[in-house]
Number of protein chains: 2
Amino acid sequence: MTEPDAVPDLPWTVAAFAARTGVPATTLRYWDDEGLLPAHRLDNGHRRYGPDDLPRLEMVRMCQGLGCTMDEVRLVLDAPDPAARARFAAEKLPEVLGRIELLRVAADVLRHVAVCEHTDAASCGAWMRSVLEPPGEGPGLRAG
Amino acid sequence: MTEPDAVPDLPWTVAAFAARTGVPATTLRYWDDEGLLPAHRLDNGHRRYGPDDLPRLEMVRMCQGLGCTMDEVRLVLDAPDPAARARFAAEKLPEVLGRIELLRVAADVLRHVAVCEHTDAASCGAWMRSVLEPPGEGPGLRAG
DNA sequence: GCACACCTTCGAGTTGACTCGAAGTCAAGC
DNA sequence: GCTTGACTTCGAGTCAACTCGAAGGTGTGC
């Protein structure tokens, strides 16, 4: 591919950008349609991407990693007023910190499961305990 | 609700268990059908749950929090041979540790976004940098 | 000037995880 | 015996986020 019709700051077609980023071209088109990662357009309507689009793509990926919906990603990246975005971020932060805590418990469980000899999970007190009573918190279950 | 027809170790109907755990009754039925959280059955076919089902439910929730598919949850909880489960856990662990790292970066970004005055994300170097170059790792983007 | 690769849009299909509705069963209370 | 309400199954519907296919436009090489 000789990158036909190269525009100075927009060197990549959708296929080239897909190859470069690992995001399928179909998905890039979808993200463009949904406003998640708007493409630049040539006169003929073809999409073009440039280096400036890379950080935004990485932000989209990160937000998805946070479990954000596409609406939330748009809110973070394009909130018309910064206050709304800041509010969203402030609300999301404790959730993310909670997720980190959950993942730490999960990592402990996985470390044990990787060496556990029990045939069924329920019979192994070691990993049940870590699930039910994460350190530094109350019991994992709402008591009835 | 007087918990009709109470069985010694299986005090809860699907509705009672739903109320107790916060998982909708429809979802409990679905999890039963899919083998994620098998219910005990009375002679009349009605589902019943007991205290022993709580840890497993909590495990299911945790696995879902890890982003596991239902197949993976089943694998963790019911792998016929412990070796397969241990292998899965060993493979999953680095992924979970990576997710923790990602979330830590995300938390930093959120902390900044919560106080950032920039109208659009791309113009704010502070949070772009943290996304693109998480500390202690290479650049967030695959270089072309 | 035509093949061919790549692009476009649009609508429909897929996947995973639910969620709902209909039709029927079961048991307690009057 | 009949109502009432909670239960059953089964099939279909929903939702987000893609993913695919068809029909047609564009542009470069021979």
Side-chain angles (χ1 to χ4, degrees), chain A residues 1-7 10-50 53 56-57 59-77, chain B residues 1-7 10-50 53 56-57 59-77:
Chain A
M1 191 179 295
T2 54
E3 305 214 331
D5 204 323
V7 176
L10 299 170
W12 305 311
T13 64
V14 66
F17 200 51
R20 184 160 293 254
T21 60
V23 178
T26 50
T27 303
L28 288 174
R29 275 191 275 268
Y30 175 66
W31 285 0
D32 181 24
D33 292 345
E34 298 295 314
L36 229 65
L37 180 66
H40 311 268
R41 297 288 182 143
L42 300 182
D43 288 347
N44 62 16
H46 287 199
R47 290 172 181 84
R48 279 303 170 91
Y49 297 86
D53 296 313
R56 182 162 174 128
L57 182 142
M59 279 297 291
V60 171
R61 269 187 182 157
M62 194 198 74
C63 290
Q64 291 197 323
L66 295 180
C68 292
T69 63
M70 293 177 57
D71 278 349
E72 289 174 336
V73 177
R74 268 187 295 263
L75 175 60
V76 169
L77 293 172
Chain B
M1 193 177 299
T2 53
E3 307 216 332
D5 205 321
V7 175
L10 299 169
W12 306 310
T13 64
V14 67
F17 200 51
R20 182 160 294 252
T21 61
V23 178
T26 50
T27 302
L28 288 175
R29 275 191 274 268
Y30 176 64
W31 285 358
D32 181 24
D33 292 344
E34 299 296 313
L36 230 64
L37 181 65
H40 310 264
R41 299 288 183 141
L42 300 182
D43 288 347
N44 62 14
H46 287 200
R47 291 173 182 82
R48 279 302 171 90
Y49 297 86
D53 296 313
R56 182 163 174 127
L57 182 142
M59 278 297 290
V60 171
R61 268 186 182 157
M62 194 197 74
C63 290
Q64 291 198 324
L66 295 181
C68 292
T69 63
M70 293 176 57
D71 277 350
E72 290 174 335
V73 177
R74 266 187 295 262
L75 175 60
V76 170
L77 293 172

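So you know, we letter chains A, B, ... as the sequences are listed, proteins then strands, and number each from 1.
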(request) Ignoring backbone atoms, test whether B:Arg41 places a side-chain nitrogen or oxygen under 4.0 Å from the OP1 or OP2 oxygen of D:dT9. (result) yes
(message) Does D:dA17 have OP1 or OP2 under 4.0 Å away from a side-chain N or O of A:Arg29?
(response) no
(message) Nearest whole Å is fine: how far is D:dA6 C1' from B:Phe17 CZ?
(response) 18 Å
(request) Could you tell me the separation between the CG atom of A:Asp33 and the P atom of D:dA16, rounded to a whole number of Å? (result) 16 Å
(request) Can you tell me the distance, in whole Å, between the CG atom of B:Leu37 and the C1' atom of C:dA17? (result) 15 Å
(message) Taking A:Asp53 first and then A:Arg48, would you say they form a salt bridge - that is, a charged N and a carboxylate O separated by under 4.0 Å?
(response) no
(message) I want to verify a distance call: between C:dA17, D:dC18, D:dA17, whose nearest atom is closest to the B:Met70 side chain?
(response) C:dA17
(message) Taking 4.0 Å as the cut-off, does a side-chain nitrogen or oxygen of A:Asn44 come that near to OP1 or OP2 on D:dG27?
(response) yes
(message) Keeping B:Arg29 on the side-chain end and B:Pro24 on the backbone end, is there a donor-acceptor pair under 3.5 Å?
(response) no
(message) I want to confirm an ordering. Mapping A:Leu36 and B:Gly45 to their closest nucleotides on DNA chain D, which one lands closer to the 5' end?
(response) B:Gly45
(message) Nearest to the side chain of A:Val14, heavy atoms from C-beta on, is which of D:dA17, C:dC18, C:dC7?
(response) C:dC7
(request) Starting at atom CG of A:Leu28, determine the distance to atom P of C:dC6, rounded to an integer number of angstrom. (result) 16 Å
(message) Name the residue from A:Leu28, A:Leu57, A:Leu10 that meets the side chain to side chain contact (heavy atoms under 4.5 Å, CB included) definition with A:Tyr49.
(response) A:Leu28
(message) Output the rounded distance in Å from CG (B:Asp43) to C1' (C:dC26).
(response) 13 Å
(request) Tell me whether the OP1 or OP2 atom of C:dC18 has a side-chain N or O from B:Thr26 closer than 4.0 Å. (result) no
(message) Could you tell me how far apart B:Glu34 (CD) and D:dC10 (C1') are, to the nearest whole angstrom?
(response) 13 Å
(message) Could you measure the distance from the CG atom of A:Leu36 to the CG atom of A:Asp71? Nearest 0.5 Å is fine.
(response) 9.5 Å
(request) Enter the distance from B:Leu37:CG to B:Leu77:CG here, rounded to the nearest 0.5 Å. (result) 9.0 Å
(request) When you get a sec, tell me which of C:dT9, C:dA17, D:dC18 is the closest nucleotide to the side chain of A:Arg47? (result) C:dT9
(request) Find which nucleotide of DNA chain D each of B:Ala25 and A:His46 is nearest to by heavy atoms, and output the residue with the more 5' nucleotide. (result) B:Ala25
(message) Just N and O in the side chain of A:Thr27: are any of them under 4.0 Å from OP1 or OP2 of D:dT19?
(response) yes
(request) Check whether any side-chain N or O of A:Trp31 sits under 4.0 Å from OP1 or OP2 of D:dC18, and answer yes or no. (result) yes
(request) Mind calculating the distance between OH (B:Tyr30) and P (D:dC10) to the nearest angstrom? (result) 15 Å
(request) Just compare C:dT19, C:dC7, D:dC7 and give me whichever is closest to any side-chain atom of A:Ala15. (result) C:dC7
(request) Take atom OH of B:Tyr49 and atom P of D:dA6, then tell me their distance rounded to the nearest Å. (result) 17 Å
